[in-house]
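Input: a single structure, listed below in structure tokens.
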Amino acid sequence: MKAPVSWIRELVDLPAEVTTEVLTDRLTALGLKLEGIHAAGAEIRGPLVIGKVLTKEPEPQKNGKTINWCSVDVGDANGTGEPQGIVCGAHNFEPGDLVVVILPGGALPGGFEISARKTYGHVSAGMICSVRELGIGDDHDGILVLPPDAGAPGDDVFGLLGLDEEVIEFEINPDRAYALSLRGVAREAALGFGVPYADPAVRELPAPDGKAWEVVVDDPAGCPVFAARLVSGFDPAAPTPDVIKQRIEQAGMRSISLAVDITNYVMLELGQPIHGYDADKVAGALGVRRAHEGETLTTLDDTVRTLASEDLVITDDSGPIGLAGVMGGATTEMSATTTRILVEAAHWDAVSMFRTGRRHKLTSEAGKRNERGVDPLLPGIAADRVVELLVEHGGATAEPGYTLVGSAPQRSSITIATDLPARLSGIEISAMTTVENLRAIGATVTEREAGTIEVLPPTWRPDLNDPYDLVEEVVRIVGYDQVPSVLPRRATGRGLTRTQRLRRRVGRTLAGAGLVEVVSFPFVGEATFDKLGLVADDPLRTTVGLANPLSSEEPAYTTTLLPGLLEAAGRNLGRGAPGVALFETGTVAFPADNGPAPIYGVHTRPSVAELEKLDEALPLQPQHLAVVLAGERRRTGWWGAGSDAAWSDALAVVRRLAGELGVTIEVASANRMPWHPGRCAVVSIAGVQVGHAGELHPTVCRAYGLPARSAAVELDLDALMAAATDVAPGPSFSTMPLAKEDVALVVDAAVTVAAVEAALREGAGDLLETVRLFDVYTGEQIGAGKKSLAFALRFRAPDRTLTEAETGAARDAAVARAAELTGAVQR
Amino acid sequence: MSGPNTDYDPVEVAAVSPAELEAARDAALAAIAAAADLEQLKAVRTEHAGDRSALALANREIGALPPQARKEAGQRVGQARGAVSKALTARQEVLEAEHEARILVEEAVDVTLPTDAEPVGARHPLTTGAELIADIFVAMGWEVAEGPVIEAEWLNFDALNLGPDHPARTMQDTFWTEPADHHVVLRTHTSPVQARTMLTRTPPIYVVCPGRVFRTDEYDATHSPMFHQVEGLAIDEGISMAHLKGTLDHFASQMFGEGITTRFRPSYFPFTEPSAEVDLVCFVCRGVDSDQCRTCRGEGWIEWGGCGIVNPRVLQACGVDSERYSGFAFGMGIDRTLMFRHGLEDLRTLFEGDVRFTTAFGSEL
Ligand SMILES: [Zn+2]
């Protein structure tokens, strides 16, 4: 909402010392938030004066153009009193005309500095301005010619053109729709400074007699009030007075014609949208009804609209002639020949207005007000005001008759305890202040039993329905700055939950392992899964789709965190990083396919069973953890050669995390895209798969621009955290001496280390403390298809020093079991 | 080697004669003193105190003396050997100390050599930022509540007094999952977590809800289809705007520094009534000479979020007795908060995954 300051001041008697800034500060404190203060001439620097054209010599140029060499009287504004020589390209003026001249040293909007400059063989000392150059209109028709009585040559024109007029732009919240009018803004200003306010909506109206035009309202719920008036003898050529034109433009609307301008002016003034019809084009009675499904209407913007049965329309004998409250129709539009005007001002159901606006993607100044709620007492008043202005400025005659169908819906009053504002705000607010402030916003307050009042909100405040709504009104006038600062003292929480603490631990562990956290968008498409090399029926391709994705390429919520991480890894390497190690934790989603989520009422709490239904309809949304390791993992330096990320680094991350959380994991080889088929591990907890880790498939590395051998992990973080140890049992260990035995076992290349290790463990018995693989050898010495595994076995007894014989026997038993189970042969 | 010989006169046994002993001792002591390093000292030890040394020989000869002479000879030999042994030990200590001192000098390294073999990791500022906020509230006795990112329409809108015709419910603002008539959305705020908390717990309730939210905004320097919010909810007897102000002032000073407070401006949110916008004293200029301040652009205040008293309609939908309890709620963007706290120019840097961005926050608590 843009409100010219002079218009506000016309409606409310603000003290002279209240500057625009003081005014906007006060209004912001009351809830009309300042967006900005604009002045049309803010970018213009004078001297900008009236000039009288003395001579105008057309001079044809070689380029085919004709310029005018003019001498212009600018009074004493140029310091000499001599006529000013100015070259002008426009032709729409004659000697004797008064024009607007900017002199050298001045500047026009857009940083256009004016100086005396040589052009077309003359020194042009300034410029004769058009409205466009002044930034006050779009008129292309040439320079601005002032009325003969505009003033004397040399007079400053800032005031004359309204260039010094400040316009305040407010951001109007949905509950303050009344402030989409000067009536509302001025009311707030009066409230803010405690000064008298003359409500422009207070008018003497004729008694309704139904004789202005016949109106039939079929849908009183959609249209509770409909007012119509008629004027004749209107002069369609009559110009719009400057003040109306200026104010409309300052409010951000375009001046179109006197009749249209007047309806817009009154809408800005009072907040009531008004429509004018060319009465000669209206056939028969006006009707209001819901549209028939599929009916069409050509609106004022020359768009043919197919109507829905919810749309409210205005009809005449020909059918729909307007989309009620939103936009008029083309067939009855006022034109350059209109002399009889039928004025309509109606109160519409806000929800219908909102829906129609959305359905037809129409945002109009009228619709904006109608869908937020307009004072239902305004239709007759606004129509009368329009008639008054049409008569005053358009030479029209008001026809007798005033049609008013329906009446303002009854409001119910609100009972409120007088201490509620004090209790909810924490400010000391007396009962008297509560009553006074509610009266100040226009409410009717009746005292009931002790401590209780009954409040009938003013007609222009459809938003006030509950006691708490009234509290806001009382408190904003007292001032939000009066709210004291007091900490509540009753919170007795139990700290972070187990999951929250574990999630922090996971993040810290991974960062400690040299991984950098990434946050990426969860949107994916088929191309994303293609890039990962997933087969057509891969379960990860079954996604939760978005009905309105931002990009049709990525129309679904992701089932894997890897795509975002892989993109980020490629980005880092592309920007010159020698290597990158990234992790992300986040939600992935899998469809539940349990049907729609119910919509319940809001007057009572849904039952437990009903709440469960809501959750059942939601997709499964586990938290995942993913890691990508690409390029240099350990640096090369003076200490020796570093190394690049490999499949084993991915598993190292998994094991480190499992160790940190006290989770026992099992690892087995697997074949799963996007991993390398021979270098992928499936990770399980107690036999249940929780994810994969290993080297990425070469095609995936190439697709994301990552070096070969890059590695990745994706785990179900929920499952991992669920398995985390809550209470670690205290360990018991022996302090007796350690006995060491190393063994080298030759096995077939296909035998896994885990299998050999398990066999050794099993065979070694209780005396074995640890077993650890410390070397793997393949080569000629042991033959093709074989490998030699070197294990360090460590033995210890709880109660005694082991003898060589005991240790040797345990070692031999371990080797024997390994031979039995894995075919191992000791070297 | 001689066995015991009772006929020998001790003085006639040359090796144990006082003069010989003295000479051997002095020669040993001189050699010890002259030993320049541990190597030489080792040779000296062998020569003068070893099995074949004169003193060792003398010691062995004692046994060959007549019993009456053994005691005196034994004393003499013992004294000489003792003096040599003591001198050896002392010299050994001196030379070892010298040796170690020299080694330590030789082993000196350039301590300015780099040691960055291992990669450096970091958590994302959105994570640590949310944790910082959570910690501020947990320290006040609040709890941290969470809920699903993909949420039921009823919980995201209806329960929060955003009626069926609220503009936010259109396709223009909210991501709907398919099929759209299944009433499931990507949550547009973390408020459904508040609703879930009220629906499943009884007051008093003090929870803070950080989380990821979605709106159909085109991605640019200041907008993102995914961003992060933190909302707070307190439901208790006698809760007022004063408690809201107190809580936000505390939050602001913990987050931005001592003395940073908030101010309220009337506003509108369906969830709250009365509602307010929260501004923060600019933590850079503190409202002094704001004209030059880039953070608040001359305002002296920074728009931080929205808040208010929980609308009784919301309490009603969530089964809270609005006659007995009142509550306050607030919400702000974590991303935005981080942007002005750290002077970030472009929101997109948060989501690009450039490690140089994230590791810069490694020093954050
Ligand atoms: Zn500042």
Side-chain angles (χ1 to χ4, degrees), chain A residues 28 31 173-175 351 354 424-426 468-469 471-472 475-476 480 483-488 490-493 495-496 500 507 511 513-521 544-548 550 568 572 580-581 587 589 596-597 599-600 602-603 605 611 614 618-619 621 634-635 637-639, chain B residues 113-114 116-124 126-127 138 140-144 148-150 152 154 158 165 171 175-178 180 182-184 199 204 206 216 225-226 234 236 240-243 245-246 249-250 264-268 273-274 276 309 312 317-319 351 353-355 358-359:
Chain A
T28 296
N173 283 322
D175 60 339
V351 170
F354 173 78
L424 285 183
S425 66
Y468 280 41
D469 297 336
V471 170
E472 178 171 282
V475 177
R476 76 183 176 102
Y480 274 22
V483 175
S485 187
V486 179
L487 270 178
R490 294 230 310 168
T492 52
L496 296 178
Q500 287 158 358
L515 277 73
V516 176
E517 189 177 15
V518 164
V519 175
S520 40
F521 292 166
V544 174
L546 298 176
N548 55 334
L550 276 188
N572 276 286
V580 66
T587 303
I599 297 286
Y600 300 123
V602 292
H603 299 296
R605 175 192 189 282
L611 289 175
L614 288 178
L618 298 181
Q621 298 172 59
R634 272 162 301 274
R635 286 188 175 172
W638 57 268
W639 52 78
Chain B
L113 281 169
D116 53 351
E118 294 299 321
V120 174
R123 290 195 300 154
H124 198 279
L126 282 167
T127 306
V138 168
M140 287 195 286
W142 291 48
E143 292 184 17
V144 180
V149 166
I150 305 177
W154 187 83
D158 300 67
D165 288 301
M171 287 268 190
F175 285 111
W176 295 79
T177 66
E178 278 189 317
H182 275 202
H183 308 299
V184 173
L199 284 161
Y206 292 88
T216 55
M226 177 181 91
D236 205 341
S240 75
M241 290 173 84
H243 298 124
K245 178 89 163 66
D249 281 346
H250 177 77
F264 289 172
R265 284 179 286 113
S267 190
Y268 172 80
E273 186 75 40
I309 294 293
C318 295
F351 305 114
D354 194 314
V355 297
T358 309
T359 46

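Hydrogens, waters and symmetry mates are skipped; everything else that's a heavy atom, side chains included, is used. Sequence lines set the chain letters: A, B, ... in the order given, protein chains first and strands last, and positions in each chain run from 1. These numbers were taken from a predicted model, which means no experiment stands behind them.
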Taking side chain as everything from C-beta outward and backbone as N, CA, C, O, which of these in [X] sits under 4.5 Å from a heavy atom of chain A? Side chain, backbone, both or neither.
| X | result |
| --- | --- |
| Tyr206(B) | side chain |
| Ile309(B) | side chain |
| Asp236(B) | side chain |
| Ala234(B) | neither |
| Val138(B) | side chain |
| Leu113(B) | both |

**Message:** Within the structure provided, determine whether Met241(B) and Tyr480(A) are in side-chain contact (heavy-atom separation under 4.5 Å).
**Reply:**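 They are in contact (side-chain heavy atoms under 4.5 Å apart), so the answer is yes.
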**Asked** Can you check whether Ser240(B) reaches Val486(A) side chain to side chain, under 4.5 Å on heavy atoms?
**Response**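 Not touching, per the 4.5 Å side-chain cut-off.
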What residue, out of [options], has the most heavy-atom pairs lying under 4.5 Å from chain A?
| options | value |
| --- | --- |
| Thr127(B), Asp354(B), Asp158(B), Val184(B) | Asp354(B) |
| Pro114(B), Pro274(B), Ala276(B), Pro148(B) | Pro274(B) |
| Ile150(B), Val149(B), Thr177(B) | Ile150(B) |
| Ala152(B), Cys318(B), Ala122(B), Gly319(B) | Ala122(B) |
| Met226(B), Arg265(B), His182(B) | His182(B) |

Shorter than 4.5 Å, heavy atoms on both sides: which option in [options] has the most such pairs with chain B?
| options | answer |
| --- | --- |
| Ala597(A), Ala568(A), Gly426(A) | Ala597(A) |
| Val475(A), Thr587(A), Val351(A), Val544(A) | Val351(A) |
| Gly31(A), Pro484(A), Ala491(A) | Ala491(A) |
| Ala513(A), Pro174(A), Ala589(A), Ala581(A) | Pro174(A) |
| Arg634(A), His603(A), Glu472(A) | Glu472(A) |
| Gly495(A), Pro619(A), Gly637(A) | Pro619(A) |

**Request:** Go through the structure and list residues passing side-chain contact (heavy atoms from CB on, under 4.5 Å) with Val120(B), not counting sequence neighbours.
**Result:** none
Is [X] in contact with chain B via its backbone, its side chain, both, or neither, using a 4.5 Å heavy-atom distance?
| X | answer |
| --- | --- |
| Val471(A) | both |
| Ser425(A) | both |
| Val483(A) | both |
| Tyr600(A) | both |
| Val580(A) | side chain |

Could you report the tightest heavy-atom contact between [X] and [Y], atom names first, then the distance?
| X | Y | result |
| --- | --- | --- |
| Gly121(B) | Val516(A) | CA-CG2, 4.1 Å |
| Val144(B) | Gln500(A) | O-NE2, 2.7 Å |
| Pro204(B) | Arg490(A) | CG-NH2, 3.9 Å |

What's the separation between atom [atom1] in [X] and atom [atom2] in [Y], rounded to the nearest 0.5 Å?
| X | Y | atom1 | atom2 | answer |
| --- | --- | --- | --- | --- |
| Leu546(A) | Glu178(B) | CG | CD | 7.5 Å |
| Leu611(A) | Trp154(B) | CG | CH2 | 6.5 Å |
| Asn548(A) | Phe175(B) | CG | CZ | 6.5 Å |

**Prompt:** Checking Glu517(A) side chain against Arg123(B) main chain: does a donor-acceptor pair fall under 3.5 Å?
**Reply:** no
**Fill in**
The side-chain contact (heavy atoms from CB on, under 4.5 Å) partner of Val355(B) among Leu515(A), Asn572(A), Val518(A) is Asn572(A)
